[in-house]
Amino acid sequence: MLRMEKMEALVGEAEAHPHPHVVVFPIPVQGHVNSMLKLSELLSLTGIHVTFLTFEHIHRRLLRFTNVTSRFARWPGFHFATIPSDLPFDHPNSGPQLMEFFDSLKITSIPPLREMLVSNRRESDVRPPVTCIIADGTLSFTIDVAQELNIPVIYFRTISACSFWAYFSIPKLVEAGELPFGGDADMDCPITCVPGMESFLRRRDLPNFLRTNNLSDRFLQFIMAETLNTTRASALILNTFEELEGPILSQIRSHCPKLYTIGPLHALLQTQIADFSPSVSSNSLWEENKSCIRWLDSKPLRSVVYVSFGSITVMTREEIMEFWHGLVNSGKWFLWVIRPDLLAGKEGEDQILTELVEGTRERGYIVGWAPQEEVLAHPAVGGFLTHSGWNSTLESICAGVPMICWPYFADQQVNSRFVSEVWKLGLDMKDTCDRWKVELMVKELMEKKMDEMLKSADKMAKLARMSVSEGGSSSCNWDKLIKDIKSMCLLQAYSHE
Ligand SMILES: O=c1ccn([C@@H]2O[C@H](COP(=O)(O)OP(=O)(O)O[C@H]3O[C@H](CO)[C@@H](O)[C@H](O)[C@H]3O)[C@@H](O)[C@H]2O)c(=O)[nH]1
């Protein structure tokens with residue numbers, strides 16, 4: 001163990017001669033690529049060298065649909081590196097094919113990752129040696145590869161602290177006999193053994209892959225093992241803030257003491273770049289249809305419900321139609337993102353779109369992909385019907401927009417419970433999908449509960465902004481993380497001498 005004074009001296013020295021080089025490695029999914037690119041931009045701003053490691057098909061889409069080339073050209077230390085893709089971009093990243101996705105990631109990534117790290121150690125490499133890897137927290141093979149070369153790995157989980165903690169508590173749930181339960185079980189039965197969530201968690205609020213009698217299910221085992229592997233990483237970064245998830249963060253810290261909460265990342269980025277504008281900072285993997293902003297401009301204050309189910313959700317024709325009827329019957333304006341691959345299976349795709357677009361003209365506007373941060377910040381938007389993906393949840397929180405949650409899978413079930421029961425920022429309609437319920441909830445959010453919800457949303461938005469401003473919790477944690485990355489760099493240099 002280094003003595004404190006020596007460590008401080010090292011940190012001082014590292015700050016004087018910083019050459020840290022961080023590899024940032026997300027899984028190839030929109031919500032992960034987006035937040036880890038933002039992290040890379042923030043790291044680049046501090047002068048740290050960054051290699052953003054991604055799959056070729058993701059890189060191609062970033063080049064096609066965003067301005068990353070010119071945006072990142074400002075940072076001479078930033079550089080993209082790619083891994084050949086094994087699966088196509090439209091490979092379903094949910095349901096039964098999910099393990100195929102993670103298996104493929106591992107097989108295709110290990111050799112090029114190792115090769116990249118080894119060749120970077122050669123003198124011929126113009127970039128400084130990699131001093132740290134910030135890996136998506138579901139890629140534990142990076143720890144194995146990095147250990148061979150004595151490079152520390154920091155995990156970045158793109159999910160909320162509350163869902164991370166629910167994943168982490170799976171062994172405890174099994175031990176206490178609260179798992180397994182099958183699909184026929186009473187879903188309203190309370191779950192009492194996740195510390196910090198005793199008073200409000202029900203079976204239906206647990207990640208949906210836990211709704212099984214089969215504890216050997218591969219995906220369940222995979223997520224549990226990957227989450228427990230966090231304790232092998234040098235540290236953990238979460239895109240959240242203390243004021244939002246403090247009590248749950250305390251629970252996590254008892255297992256992972258080196259935890260940096262630096263969120264909401266998109267808001268932190270805004271505070272660091274003087275000329276920041278969400279319209280030029282998109283990391284979208286689909287083409288944004290900006291015409292919806294003009295449509296919103298023509299609508300009254302807080303009158304529109306924004307509807308989006310993120311980048312992975314797939315829905316049946318029936319589900320889409322129930323939402324559509326519910327939205328139309330609510331009598332409210334709505335802006336709906338219907339991704340080209342939202343409909344499960346391709347049958348009737350053209351028909352459904354024509355039907356919806358034709359039938360929607362009166363009250364709504366449909367786009368294939370929206371500039372979401374801009375949409376949520378628009379004064380005409382009064383509510384967000386969301387799948388409760390973590391990025392969408394944080395973006396809604398920052399914009400002070402109350403939510404109706406229709407969680408689809410994984411972490412989203414936990415997030416939606418926290419949105420409704422803990423943070424009081426919205427309504428949770430999980431596990432139901434009928435037009436009557438959609439209409440009821442939209443009316444409730446946009447009429448009856450509007451003032452109350454806007455009040456709590458506004459309060460939380462202020463706390464989010466404070467956390468990323470100078471002296472705020474996330475801002476301070478960010479400074480600490482940078483300092484620690486720099487001292488890791490120096491320790492690396494000493495260990496190679
Ligand atoms: O029309 C759209 C729709 C979405 N987005 C953006 O796409 C991202 C979507 O991220 P998220 O809300 O987190 O949803 P997913 O893409 O579904 O994210 C996956 O990754 C998240 C982070 O791990 C998890 O919370 C989710 O459950 C998982 O599905 C957000 O930044 C949105 O702003 C757009 O820009 N335009």
Side-chain angles (χ1 to χ4, degrees), residues 26-39 58 61-62 65-66 89 92-95 98 101 136-139 155-164 166-167 207-209 223 226-227 237-240 263-267 269 278-293 306-315 335-342 365-378 381 384-399 401 403 405-416 418-419 430:
I27 65 166
V29 166
Q30 175 72 76
H32 296 240
V33 170
N34 187 12
S35 48
M36 292 183 83
L37 254 179
K38 288 192 158 107
L39 175 76
I58 296 293
R61 290 184 83 94
L62 283 172
F65 298 126
T66 75
F89 179 70
N93 294 336
S94 60
L98 202 47
F101 170 75
D136 208 304
T138 49
L139 300 176
Y155 259 5
F156 182 95
R157 282 309 291 248
T158 53
I159 54 176
S160 57
C162 56
S163 51
F164 175 86
Y167 289 0
N208 71 324
F209 56 81
I223 286 293
E226 287 296 290
T227 306
I237 303 173
L238 288 174
N239 184 10
T240 189
L265 263 179
H266 70 288
L269 192 59
S279 66
V280 293
S281 76
S282 153
N283 297 324
S284 281
L285 303 175
W286 283 268
E287 184 169 18
E288 290 178 347
N289 183 339
K290 293 191 181 261
S291 68
C292 60
I293 300 293
Y306 171 58
V307 187
S308 167
F309 301 111
S311 67
I312 297 180
T313 309
V314 283
M315 295 168 76
L335 165 62
W336 191 352
V337 176
I338 301 200
R339 258 186 12 248
D341 53 354
L342 179 72
Y365 200 78
I366 294 179
V367 292
W369 193 254
Q372 181 163 304
E373 281 180 47
E374 273 181 88
V375 167
L376 286 169
H378 197 287
V381 173
F384 182 13
L385 173 50
T386 169
H387 69 310
S388 299
W390 188 236
N391 293 289
S392 294
T393 306
L394 277 180
E395 288 159 15
S396 207
I397 288 176
C398 282
V401 175
M403 290 163 261
C405 305
W406 190 68
Y408 173 67
F409 82 143
D411 57 319
Q412 300 159 14
Q413 270 86 14
V414 187
N415 295 342
S416 66
F418 270 73
V419 166
K430 65 163 62 91

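Source: prediction; values computed, not measured. Counting starts at 1 for both ligands and their atoms, in listed order. Numbering starts at 1 and runs along the sequence shown.
In this model, no donor atom of one side chain and acceptor atom of the other lie less than 3.5 Å apart for H387 and T313. If you check the side chains of N415 and S160, you find a donor sitting under 3.5 Å from an acceptor. A donor-acceptor pair shorter than 3.5 Å cannot be found between the side chains of S396 and Y306.
At least one N/O-N/O distance between S392 and ligand 1 falls below 3.5 Å. Here's the thing with A370: one of its N/O atoms is less than 3.5 angstrom from an N/O atom of ligand 1. Ligand 1 has no nitrogen or oxygen under 3.5 angstrom from a nitrogen or oxygen of S388. No N or O atom of E288 sits closer than 3.5 Å to an N or O atom of ligand 1. Of the N or O atoms in N34, one or more lie within a sub-3.5 Å distance of an N or O in ligand 1.
To the nearest 0.5 Å, the span separating SG on C292 from OH on Y365 amounts to 7.0 Å.
For S308, the heavy-atom gap to ligand 1 drops under 4.0 angstrom. Using a 4.0 Å heavy-atom cutoff, F156 is absent from the residues neighbouring ligand 1. Residue-ligand proximity: H387 is placed with a non-hydrogen atom under 4.0 Å from ligand 1. Not close to ligand 1: Y408, with no non-hydrogen atom less than 4.0 angstrom away.
When atom types are taken as modelled, the side chain of N208 and the backbone of A410 share a donor-acceptor pair closer than 3.5 angstrom.
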Verdict with supporting geometry, E395 and K38, salt bridge (Lys or Arg N to Asp or Glu O under 4.0 Å): CA-CA 13 Å; E395 288 159 15; K38 288 192 158 107; 5.2 Å; no

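Proximity of Q412 to ligand 1, defined as any heavy-atom pair under 4.0 Å, is confined to the side chain (atoms from C-beta onward).
Figure legend: R339 and W369 shown without cation-pi pairing, the cationic atom not lying both under 6.0 angstrom from the six-membered ring centre and within 45 degrees of its axis.
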